[in-house]
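So that the names make sense, note that chain A is the first sequence line, chain B the second, and so on, each numbered from 1. Small disclaimer: the values here were computed from a predicted structure and weren't measured.
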There are 2 protein chains.
Amino acid sequence: MARKTGSHSDITGPRVRAAALKLFAAHGFAAVSMRQIAAEVGVQAGALYLYTPDKQSLLFDLLRDHMQEVLDAWEAEEKPEGPVAQLETFSRFHIRFHLERPEKVFISYMELRNLEPDNFEALGQMRRQYENALEGILKRGQDEGLFDVDDTKLTTLALISMLNGVTSWYKPDGRLSLARVESIYSDMAGKAVRMPRWKERQRKLEAKQAAE
Amino acid sequence: MARKTGSHSDITGPRVRAAALKLFAAHGFAAVSMRQIAAEVGVQAGALYLYTPDKQSLLFDLLRDHMQEVLDAWEAEEKPEGPVAQLETFSRFHIRFHLERPEKVFISYMELRNLEPDNFEALGQMRRQYENALEGILKRGQDEGLFDVDDTKLTTLALISMLNGVTSWYKPDGRLSLARVESIYSDMAGKAVRMPRWKERQRKLEAKQAAE
DNA sequence: ATGCTATCTGAACACACGTTCATATCAAGC
DNA sequence: GCTTGATATGAACGTGTGTTCAGATAGCAT
């Protein structure tokens, strides 16, 4: 018995990806079998190969599509003027976007090592592109004397690590609302890099003295 | 041919754990076979069972021993007076300790889900104990008006996420020295939670006005 | 009603898995 | 030198793996 009513490629295809995402996130790529994925979809294992050439592609497609989504979404995000406001926008965007897709984020940072070298490299490039968006903000802020950052590359990674951490404990029905979490994190990020007022005053003072 | 010269339990046991650690960190628990571990040690798969009851215990023992090491090391660490200095000590300790054991840290945060429920729970308790050390510092700092933290629990997790992130990019022979990384991170952590001076002044002002 | 094609089944392939165990080998104690 | 016990082998067990494929089924076009 094949081809049940209304069961088409357009339906099964997405369901395969959804099942793979769910199971990879829960148990890890290596620990999930094609038969488990098939069972989740309600199909035999052989049928999966109508929708993916192999297991590895199933993982890679999920990761690549996710990263593309992140990049597109950040591209589309309305950006305010000035590094300080932009950093807040980035922090809030990152938290919100990632909390809305916890499983994709999870596998994106967990399963990279299960990718074959070529696929790994492709993903790494996309990730670096995203990191550069944040580093650009930090650099501009530093040039304008608004941020006090020792090393922009390192700080970028530190901030992203911090923001990513949210996915490992946040529960939608937990103690804190999404809006609250957004605020707290973007606050911490801002404070971690902002030029302290006393340092700014000192800088101006020194500039004055040097001019005399 | 068994029992080669000088080949004893005292030698092979640690070598088994070392091989398991190395391979689990590189490819993930589920993706590593007992035969691979045995090959790394230079022994047949069957011999591993003289040193571990099963594969799961191999993982759990690694994770538990690591967490115990962390807890003991922090216990032994000399702590200065005052939350501000203590936070710096904690940050520096965390960075240093974890960068010296990148593989153990990696599997500690990656392979938790491969633990059976009981083992998972045991590990979670140890981890919470460590987090409480940091949260204690934040709480005292907040009580003394030195820190400006919205939610100590959330901030604890955010800081630890940030500090942990270092393990995913740091290379011992890279651009930045361990000492430099320590400084940058502990600096960011401090700034992220410290009470800003203008806010402190405002607080004192308001207290004065309320007294009138 | 018939044929066509997209969709799926179910069995099979070769291989790898974790684990067990009878057997062999060596180092040390008497 | 012989026995003993710790340490290892290597084959085997049953189960599960990713993947392939001939054949079955069902909806659509004619």
Could you give the [atom1]-to-[atom2] distance, from [X] to [N], as a whole number of Å?
| X | N | atom1 | atom2 | result |
| --- | --- | --- | --- | --- |
| A:L48 | C:dT9 | CG | C1' | 12 Å |
| A:Y51 | C:dA6 | OH | P | 12 Å |
| B:L50 | D:dA6 | CG | C1' | 9 Å |
| B:K55 | D:dT15 | NZ | C1' | 15 Å |
| A:D54 | D:dT20 | CG | P | 8 Å |
| A:R15 | C:dC8 | CZ | C1' | 13 Å |
| A:Y49 | C:dT9 | OH | C1' | 15 Å |

> Can you list the steps and then say if B:W74 with B:F90 is a ring-ring contact (aromatic ring centres under 6.0 Å, His included)?
Replying inline: CA-CA 8 Å; B:W74 174 245; B:F90 183 92; 5.1 Å; yes
> Between B:Q44 and A:G46, who's closer to the 5' end of DNA chain D by nearest nucleotide?
Replying inline: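 Closer to the 5' end of DNA chain D: B:Q44.
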>> For a quick check under 3.5 Å, do B:R92 and B:S183 share a side-chain donor-acceptor pair by atom type?
In response: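 Yes, side-chain donor-acceptor contact under 3.5 Å.
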> For B:S161 and B:N164, does a side-chain donor sit closer than 3.5 Å to a side-chain acceptor?
Replying inline: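 Side-chain D/A pair, B:S161 to B:N164: absent.
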> Quick one: do B:D151 and A:R175 make a salt bridge, cutoff under 4.0 Å?
Replying inline: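 Yes, charged N to carboxylate O under 4.0 Å.
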> Any Lys/Arg nitrogen of A:K22 or A:E103 sitting under 4.0 Å from an Asp/Glu carboxylate oxygen of the other?
Replying inline: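 Not counted as a salt bridge, because no side-chain N and carboxylate O are separated by less than 4.0 Å.
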> After noting the C-alpha distance and the side-chain angles of B:H98 and B:F106, does the key distance pass the ring-ring contact (aromatic ring centres under 6.0 Å, His included) rule?
Replying inline: CA-CA 9 Å; B:H98 285 61; B:F106 198 70; over 10 Å; no
>> Short of 4.0 Å, heavy atom to strand atom, which residues of residues 21-40 of chain B count as contacting DNA chain C?
In response: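 Within residues 21-40 of chain B, the residues near DNA chain C are B:V32, B:S33, B:M34, B:R35.
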> In terms of the nearest nucleotide of DNA chain C, which residue is placed more toward the 5' end: A:V43 or B:Q56?
Replying inline: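 Checking each residue's closest nucleotide, the 5'-ward one belongs to A:V43.
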> Closer than 4.0 Å, any side-chain N/O of A:T12 to the OP1 or OP2 of C:dT7?
Replying inline: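 No, no such contact exists.
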